[in-house]
Asker: 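Can you read through this structure? Questions will come right after.
By convention in this document, chain letters (A, B, ...) are assigned in the order of the sequence lines, proteins followed by strands, and residues within each chain are numbered from 1.
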Amino acid sequence: MPPTRSQLSLRGSAQLIAEFFEYSIHSILYQRGIYPVEDFQTVRKYGLNLLVNVDDDVKQYIKNIIKQIYRWISHDKITKLVLVIINKDDGETVERWQFNINIEDSAETTSGGDTQTETDTAAVQKDIQAIIRQITASVTFLPCLNSSDYTFNVLVYTDSDAPVSKDWVDSDAREIENGESVRFKSFNTNCHKVDTLVSYKLDQN
Amino acid sequence: MDSSPFIEKPMDASVELNKLKFQLKDLQTELSLKKIEHEEEVHGLKKELEQCQLKSHQFESDSIYYYTQNKQNCEKLESMEKECCGRTTRLETTIDALKKELKSLKSVEEANEQLTSELKLLQQQHSMCKEQLKDSESVRDGLQKEVDSLHSDVTHWKLQNELKQDEVLKLQRQIQTVDNSEELKSISKQLSNQVSYIKELELKNLNQAESLKQLQLQKLNNEVLQNENRSFQVKLQSMDKLKDELDSTTLELLQLKQESSKWNLYLDKFPNIEELLPKFKSLQDENLLLKDQLNKQTLEQSQLQFQLNNIKVKLENQEDEMTRVKSNWENVLKINHELEQQRDLSLEESKYLRQQLGLDDGDDMTEYVKNLETLVDNYKEKVDDLTKSLSKGNVEVQQKKRKLSTSADFEDFQSLKQLNGQLQLEMSQLMNENALLIKQLESIQDIKEQKLRILQLRDNPFTKDQFVKRKQLELLQKSNESLLNQSHLKEDEKVPKAVYEEQNFAIVQLQDQLANLQKKNQRLLTTFKAKSSELLALIKLLFGYQVTLQSDDKVKLTSKYSKLGNSNILIDHKQMTLKRTGDDVDFNTKFDDLIGYWINEKGEIPMLLSALNIELYSNLE
């Protein structure tokens, strides 16, 4: 581990990113209509009203993912998190939400003082707010999905030497061929940089 | 020509004199100023000259330094080239020699192998021939014995035949002498026996001759084999020679191996001979680089030489200018001298005029005026000449400046050219570095991608869905198959088991769906409750009544302003009734009062409720 990255700031960054992933997944599931509206509850986060799925199975599934991801981010073992929306009938991937996690080598320690970290977190929250807003606004250009025909899956790109529990199995990349891509804003903690982009299959109709 | 002021006002000679004096002084001061300017210019030019000389010295020293460096580099390069060439030629020759030796060794080895195989074959043949020879010798001995015995038999039988012939002759004589038929018969019998015996002997003799012929053939074969044997022995002898040769070649091989091991030791720097070539190539590249550097140095040297020549030309120009300036200076001095002389003359004239002014008037006056006019004209001419020379000097100075500026531009151009070259070199280096870094990045990315793992949770919504579908499909297939084979059902089986299982699975699926729907319903209920409680709170806040929905389709309204809180209004919207409950007397009387007016007269329930609240609030206050 580089000497400039303190363990404390790394954990804080991992926590922040894991939380962002959790709320992003919930928001995407709501915005893309994968689950009915009544399955979602409003919560206040990042200065926004975000919708969170209250179905126990879905909640548990996302929780399990986020718990593991937090560990992987803390040990710099993860490079991507991908949420794929799949057609139930033919198993085709129609949308691919990709979150790239880049390790920031030039990160500084948090010895700058509390005011520094406060301003940092405020700036990061502002960036996350902007990304969530972009996710919400993406409904305008993404093709319409019929909720009952689609399901989702979360893929994680890890290093080959990352510790993996029995609950996790290998998967294919589920790429979209000849799909359109839209890059969203990115945010930067002291230790990581998170890029967001969505790839989607163009509606042939 | 301008008219002189002396013509118009001849009487103001003193004023004119003063004017002339002033002009003279002015000219003198101008002259002194010019002198100073010229001195300054000369001083500046001297300084420039010194600087130029210094620069030229520097350039000369630089050029000498560059020349020496260049020379050294050339020498180094030449030596390196020679070394490289020598090395390369040596290495090439050694490689060729080694290759040739290797080839010759291989051929020798092959020849050796062939010879050994031939030797083995010959040895085998030799042993075979020896054995055959032994056999044939034994056969020959046997046959010779037989031939000898047959010869002895033949000689014996010949002797016997002669004896018999002698006996036959004797008998014929006897027959001639004794004419006895019986004896003749016996003799003829004996003779016939003898003839048959002779025939037999002849047959035997013929057989023996044939066997003799065969034996002779065998003898011939023997002789051939003996010849072959001899040739083989000769070959064996040659083989011994070849063996000697082989030994010598093996010795040579060992020596070559030793040499190759020595070479290997020498080439230990390069693990493989193949690495020698890249090294050689790198040396060639270095050589090329050095050549490039040499070319650059020569270019720089030529540029410096060119600059030096320019500087020399400039120096010469400046020297010329200096001579010109000096000549100008001398001219100016001469002019000055002349002016001084003229001043003296004018002073003397003025004295003379003063004297004359005191003495004569009339005709002398006109002459005097003419003299003065000529003097003034002379002065004017002098002034014009001086102005012309001054303007010339200015033009020369400007030309000098221009020349200087052009030389400065050239220097700038050269420096910019050098800078451009350096920047281009840097750019090419950076481009190369960039390309290398891109390659490294690609390789790193490839490695990284290879190292990456894509993971998913074993129990995810998509696999769940797929699992359910697969199971359903399997069960349907099974049930389909069993329904197709329904004819093979047992008597007690009315429905195939697979169909039953499929139905069970469908039931489970429906149960899951039902559970999901129940969950959804529950969620809807909770949201409804939450929203209705929100609404009721809002109603209480806005309208001042606590609304309670009762199970018997009645609505209970409790005012937030009632004192006791147990007085309510019950509204049955089905039967359209409105009742009050509770034992708050104040509330009851007020309600009764208000109901008469708002319901009976106006028929307005909201107004009744509002009025009641106002009354209760006023009471509270």
Asker: Between A:Val154 and chain B, which part of the residue has a heavy atom less than 4.5 Å away: side chain, backbone, both or neither?
Answerer: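 Backbone of A:Val154 only, per the 4.5 Å heavy-atom cut-off to chain B.
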Asker: Inspect the contact between A:Asp170 and B:Arg453 and indicate whether a charged nitrogen and a carboxylate oxygen are less than 4.0 angstrom apart.
Answerer: yes
Asker: Determine, for A:Lys77 against A:Asp161, whether the closest basic-nitrogen to carboxylate-oxygen distance falls under 4.0 angstrom.
Answerer: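 Yes.
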Asker: Quick test of your reading of the model: are B:Lys478 and B:Glu502 salt-bridged, counting only N-O distances below 4.0 Å?
Answerer: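 No, this pair does not count.
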Asker: Answer yes or no: is there an ion pair linking A:Glu180 with A:Lys201, defined by an N-O contact shorter than 4.0 Å?
Answerer: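 Looking at A:Lys201 together with A:Glu180, the answer is no, because their closest N to O distance does not fall below 4.0 Å.
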Asker: Chain B: which of A:Asp55, A:Asp172, A:Val84, A:Val58 shares the most heavy-atom pairs with it under 4.5 Å?
Answerer: A:Asp55
Asker: Would A:Glu19 and A:Lys45 satisfy salt bridge (Lys or Arg N to Asp or Glu O under 4.0 Å), going step by step from the backbone distance to the final call?
Answerer: CA-CA 10 Å; A:Glu19 211 172 59; A:Lys45 189 76 191 171; 3.1 Å; yes
Asker: As a quick check of understanding, evaluate ring pair (Phe, Tyr, Trp, His ring centres under 6.0 Å) for A:Phe20 and A:Phe187, giving each step before the final call.
Answerer: CA-CA 10 Å; A:Phe20 164 71; A:Phe187 72 92; 4.9 Å; yes
Asker: Which bit of B:Asp459 is near chain A, if near means a heavy-atom gap under 4.5 Å: side chain, backbone, both or neither?
Answerer: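 The backbone, not the side chain.
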Asker: Contact part of A:Ile86 toward chain B, heavy-atom cut-off under 4.5 Å: side chain, backbone, both or neither?
Answerer: side chain
Asker: Answer with yes or no whether the side chains of A:Asp149 and A:Asn87 bring together a donor and an acceptor at under 3.5 Å.
Answerer: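 Their side chains do not contain a donor-acceptor pair, so the 3.5 Å distance test is not met.
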Asker: Between A:Thr158, A:Asn64, A:Asp167, which residue shows the highest count of heavy-atom pairs closer than 4.5 Å to chain B?
Answerer: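 The residue among A:Thr158, A:Asn64, A:Asp167 with the greatest pair count is A:Thr158.
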Asker: Counting heavy-atom pairs closer than 4.5 Å to chain B, which one of A:Ile65, A:Val164, A:Val156 comes out on top?
Answerer: A:Val156
Asker: Between B:Leu524 and chain A, which part of the residue has a heavy atom less than 4.5 Å away: side chain, backbone, both or neither?
Answerer: side chain
Asker: What part of A:Asp39 gets within 4.5 angstrom of chain B, counting heavy atoms only: side chain, backbone, both, or neither?
Answerer: both
Asker: In terms of heavy-atom proximity below 4.5 Å to chain B, should A:Val82 be classed as side chain, backbone, both, or neither?
Answerer: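 Neither part.
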